[in-house]
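The structure under discussion appears below in the form of structure tokens.
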Amino acid sequence: MDCIFCDIASKTAEAEIVFENDKYIAFLDINPINYGHTVVIPKTHYDNFLTIPSEELAELTKITQYLAGAVKRALKADGFNIVSNNGLSAGQSVFHFHYHIIPRYENDFFMKPRTLEYNDMEIPSYAEKIKEAVSKYEGLLNG
Ligand SMILES: [Zn+2]
């Protein structure tokens, strides 16, 4: 399989690594949104958020939390975004699950969120669709 993140994990591709243990690795994004933009991945290949086992997702999230604090302190950022793009339509470009840690500064103007408004008819129908899907997995959530 041709995967740049697998290559980085196996050291067959170069990256500026900022953290590594036996299962996870973090490195600088070569096309940063702000300098210090960091990518955190499991060394094992999983396509996306839905296919990584939940235990590994929990470990990866814990590491990402730690690294986000380090990035914020190291770069004197005012804040940061934790982003995971899943699927082409969401902007995923490497299909190996990863979190982005993007340091943010006052007035850096990046990614200004847009907001939409629901009309009264729409909001319950969106909620119903999601609740119906959630109910199918309730057994899983309740352990
Ligand atoms: Zn991979």
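Just follow the structure's listing: the first ligand is 1, and inside any ligand the first atom is 1.
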In the structure I gave you, are the side-chain heavy atoms of H96 and C6 within less than 4.5 Å of one another anywhere?
yes

For a 4.5 angstrom cut-off between non-hydrogen side-chain atoms, does T64 reach T38?
no

side-chain contact (heavy atoms from CB on, under 4.5 Å), paired with I33, selected from N81, V83, I102:
I102

Anything protein N, O or S sitting under 2.8 Å from the Zn ion (ligand 1): count it and give me the total.
4

Considering only distance and modelled atom types, tabulate donor-acceptor pairs under 3.5 Å from the side chains of residues 48-58, sequence neighbours left out.
unit_1: N48; atom_1: OD1; unit_2: L50; atom_2: N; d: 2.8
unit_1: N48; atom_1: OD1; unit_2: T51; atom_2: N; d: 3.3
unit_1: T51; atom_1: OG1; unit_2: D47; atom_2: N; d: 3.2
unit_1: T51; atom_1: OG1; unit_2: N48; atom_2: N; d: 3.1
unit_1: T51; atom_1: OG1; unit_2: N48; atom_2: O; d: 3.2
unit_1: E56; atom_1: OE1; unit_2: Y46; atom_2: OH; d: 3.2
unit_1: E56; atom_1: OE2; unit_2: Y46; atom_2: OH; d: 2.6

Answer yes or no: is there a donor N or O on one side and an acceptor on the other, between the side chain of H100 and the main chain of D29, under 3.5 Å?
no

Check whether any side-chain heavy atom of F5 lies under 4.5 Å from a side-chain heavy atom of V39, and answer yes or no.
yes

